[in-house]
There are 2 protein chains.
Amino acid sequence: MGKERVTVIDIAHAAGVSKSTVSLVLQASPLVNEVTRAKVNAVIRDLGYVYNRGAANLRQSNSKSKIIGIVVNDLTNSFFAELAVGVDMVVQSAGYVQFLANTAESVDRQREVIASMREHGISGLILSPARGTDASDLKPLVASGIPVVNVVRQVAGAKVSSLVSDNHAGMRDAVRHLVGLGHHRIAFLGGFPDTAVFNERLQGYRDALSDMDLAVHDELVVSSAPSRAGGVAAIERALLLRERPTAAVCFNDAVAFGVCDGLRAHRLDPGEDFAVIGFDDVIEAQTAVPALTTISVDPQGMGRRAAQLLLKQINAGRADAEAIVSSVRLVVRQSCGAAIDKRERLSLL
Amino acid sequence: MGKERVTVIDIAHAAGVSKSTVSLVLQASPLVNEVTRAKVNAVIRDLGYVYNRGAANLRQSNSKSKIIGIVVNDLTNSFFAELAVGVDMVVQSAGYVQFLANTAESVDRQREVIASMREHGISGLILSPARGTDASDLKPLVASGIPVVNVVRQVAGAKVSSLVSDNHAGMRDAVRHLVGLGHHRIAFLGGFPDTAVFNERLQGYRDALSDMDLAVHDELVVSSAPSRAGGVAAIERALLLRERPTAAVCFNDAVAFGVCDGLRAHRLDPGEDFAVIGFDDVIEAQTAVPALTTISVDPQGMGRRAAQLLLKQINAGRADAEAIVSSVRLVVRQSCGAAIDKRERLSLL
DNA sequence: AAAAATAATTGGAACGTTCCAATTTTGTCA
DNA sequence: TGACAAAATTGGAACGTTCCAATTATTTTT
């Protein structure tokens with residue numbers, strides 16, 4: 001059943017026209033007469049023809065392939081899943097289809113999948129680089145004129161566009177908010193110190209404290225895996241300090257949830273006895289108990305913007321690197337509690 | 001810089017051999033002499049040649065394309081993200097690359113992306129069908145001999161393979177466990193009643209109650225959106241019953257988390273005052289507070305198995321439909337609490 | 001050393017499409 | 001009706017690869 005392919009030649013034959021004409025109707029060219037167009041389209045439907053983009057693409061090597069690649073370092077992280085969804089939306093409605101690959105932080109794997117995608121003729125790539133990605137890994141790609149947009153993480157020295165969230169400003173706003181509520185011992189919890197994102201966020205924390213004329217205590221900075229379990233571990237350590245913090249900004253929401261878990265394990269009520277602020281605003285942040293105050297980075301929106309930027313570069317034919325930092329905003333929910341003085345007043349009742 | 005493509009002809013020319021020879025070394029044929037092979041490979045590296053799979057694939061239309069498609073109905077759901085990761089793992093190590101598309105439950109979108117993938121020459125498809133998918137949507141695909149593996153959801157009447165989790169047995173085990181702990185008013189919360197998955201799980205719930213000689217009360221079945229918010233709504237309704245349930249099995253983990261939230265809003269402690277069991281075992285289930293007792297379905301494992309099944313069919317050239325139900329297992333954590341009598345004994349202290 | 005066998009290489013056709021230049025058909029105007 | 005313009009159609013070459021049959025180079029056998 002349905003062994004051999006139906007080609008334009010078959011269509012042409014059945015419709016009594018030439019293959020050139022069939023090709024023209026496939027491209028919706030205005031050159032072809034209405035009645036022949038109708039006839040050809042009918043035959044196309046009848047014979048169950050399916051367009052062979054591979055062949056088409058071979059001929060028109062000038063034109064682009066309608067395929068883009070997206071490779072992320074950790075698809076199990078819902079942040080990246082959301083990002084992929086955002087990319088998918090704009091890419092899909094532009095008539096493109098996307099190769100998606102997960103590198104699980106392996107640069108070797110990343111190299112392989114990028115090479116494979118290249119052989120398949122992607123006309124652009126959105127990349128959330130694995131830790132340790134070197135500019136040389138992207139070199140061949142940009143040398144052959146394929147636009148690349150880095151998201152979330154930058155690659156030092158690579159001449160490609162990037163779209164990262166404003167880590168510095170986000171963390172600064174979080175700290176300011178806590179200070180405004182009356183806190184002055186604020187911890188910075190979670191994250192691996194060898195990443196650019198960590199350092200940007202940490203710097204935002206430090207700068208905010210300085211701006212508000214508060215001392216920066218290094219023992220209040222506790223790094224850990226950027227996961228829920230890491231959050232538990234980090235708050236454990238922070239609670240051992242002789243002078244306990246009264247609030248924490250966390251590397252990301254996963255850490256923040258872990259911190260809440262750890263607080264509860266110590267009979268402390270997050271939001272009430274201790275203020276917690278996350279980063280990312282993952283979906284669960286709004287429905288968790290307590291709802292998480294966090295920095296919203298809208299990963300889906302970032303995905304959309306990255307895809308738009310990539311498509312723009314593909315269409316322009318020219319890919320001059322531009323670095324966009326995506327603004328973020330503080331979303332105040334319950335986990336950071338009310339102002340300290342107000343709380344004290346209430347507790348007097 | 002790097003404007004025009006390097007082709008086998010360029011390689012042949014530079015290495016002083018024919019394009020046929022170059023082609024042979026590209027395919028690692030044993031027919032070619034070691035020294036020429038080395039020479040050709042050197043030139044390939046020097047000129048920065050990249051293989052054009054499109055062209056190759058065009059010629060050898062018998063051979064397959066090394067591309068598979070995966071389309072899911074909701075990538076923002078971490079269950080499907082995990083599934084995609086599982087697929088990615090086996091597909092990647094088999095030298096394939098995957099088109100990934102998200103349909104967001106739209107059958108129209110699904111139809112479009114499947115058509116697009118077909119035009120791009122996928123040699124197999126893994127599909128988690130959007131709600132309302134009809135067998136006719138898959139007809140053309142199977143007619144042209146492209147293997148399809150449905151995951152999570154079946155499509156009635158479609159002659160394709162499927163891999164679904166054992167919903168009936170999973171829910172049955174959950175209910176049995178609760179009955180074993182001493183509960184006899186157990187609610188079934190969440191999910192849309194018009195889906196096959198819902199009905200399979202509900203049937204497991206009913207059968208387990210019957211098996212244990214307990215009555216099935218329809219008012220204890222409260223459907224809702226299969227989300228955290230839906231869980232909150234469902235438990236709200238369940239708590240309005242004059243005879244309240246003491247435990248609940250939930251349509252999935254998201255609902256279960258919502259149920260926990262709702263319980264807390266009523267000053268009830270999930271796991272202590274009310275037993276909750278989820279379904280899916282998403283990552284957060286183990287780190288949540290209380291850790292969620294749930295039915296583990298290992299989405300990543302399902303993804304791997306689905307991919308393996310698909311590759312098997314692709315390689316066999318023959319795609320006889322087989323229906324696999326993936327076994328599940330109850331993972332007991334804290335949200336279902338201790339046995340009722342033990343708890344009563346403890347509370348006497 | 002000639003014949004036969006084997007190893008290595010090669011030119012051209014083919015895959016399914018698009019593009020170009022050329023041709024045929026149709027329409028318009030004097 | 002003839003001349004011209006406009007509209008519609010068309011054949012062949014090309015894209016980058018693989019495959020086949022054929023050729024050439026090398027080795028083995030007698």
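Because the structure is predicted, anything quoted here is derived from the model rather than measured. Each chain gets a letter, A, B and so on, in the order the sequences are listed, and its residues count up from 1.
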* Asked: Per the side chain to side chain contact (heavy atoms under 4.5 Å, CB included) rule, which among B:Ile146, B:Val97, B:Ile314, B:Leu125 passes with B:Ile68?
  -> B:Ile314

* Is there side-chain contact between A:Ile114 and A:Ile122, with heavy atoms separated by less than 4.5 Å? -> no

* To the nearest Å, give me how far apart CD1 (B:Ile11) and C1' (D:dT18) are. => 16 Å

* Tell me yes or no: between the side chains of B:Asp134 and B:Ser136, is some donor less than 3.5 Å from an acceptor? => yes

* To do: Could you check how far CG of A:Asn52 sits from C1' of D:dT17, rounded to whole Å?
  => 14 Å

* Phosphate oxygens OP1/OP2 of C:dT17: is one of them under 4.0 Å from a side-chain N or O of A:Ser23? -> no

* **Distance-only side-chain donor-acceptor flag, B:Asn57 / B:Ser65, under 3.5 Å** => no

* To do: Take atom CG of A:Leu26 and atom C1' of C:dT17, then tell me their distance rounded to the nearest Å.
  => 9 Å

* Indicate whether any N or O donor in one side chain lies under 3.5 Å from an N or O acceptor in the other, for A:Asp88 and A:Gln98. => yes

* Between P of D:dC15 and CD1 of B:Ile9, the distance in whole Å -> 9 Å

* Length of the line joining B:Arg5:CZ and D:dA14:P, which is rounded to integer Å -> 19 Å

* **Rounded distance (Å) that lies between atom P of C:dT17 and atom CG of B:Asn57** => 13 Å

* Nucleotide nearest A:Leu58 (side chain, heavy atoms from C-beta), chosen from C:dT17, D:dT17, C:dG16 -> C:dG16

* **Atom-to-atom span, NE2 of A:His13 to P of C:dG16 - whole angstrom** => 16 Å

* Structure fact -> Double-helix bend of the helix from C:dA1-D:dT30 to C:dA30-D:dT1, axes at both ends from 5 pairs, round to 10°, gives 40°

* Under 4.0 Å protein heavy-atom contact, by nucleotide of nucleotides 8-13 of chain C - B base, S sugar-phosphate only -> SSBBBB

* Asked: Think A:Gln60 has a side-chain N or O under 4.0 angstrom from the OP1 or OP2 of C:dC19?
  -> yes

* Under a 4.0 Å N-O cut-off, is there an ion pair linking A:Glu82 with A:Arg304? -> no

* **Carboxylate-amine/guanidinium proximity below 4.0 Å for A:Arg37 and A:Glu34** => yes

* Asked: How about B:Asn150 and B:Gln154: does a side-chain donor come under 3.5 Å of a side-chain acceptor?
  -> no

* To do: In whole angstrom, give the distance that lies between atom CZ of A:Arg53 and atom C1' of C:dT17.
  => 12 Å

* To do: Tell me yes or no: between the side chains of A:Arg118 and A:Ser144, is some donor less than 3.5 Å from an acceptor?
  => yes

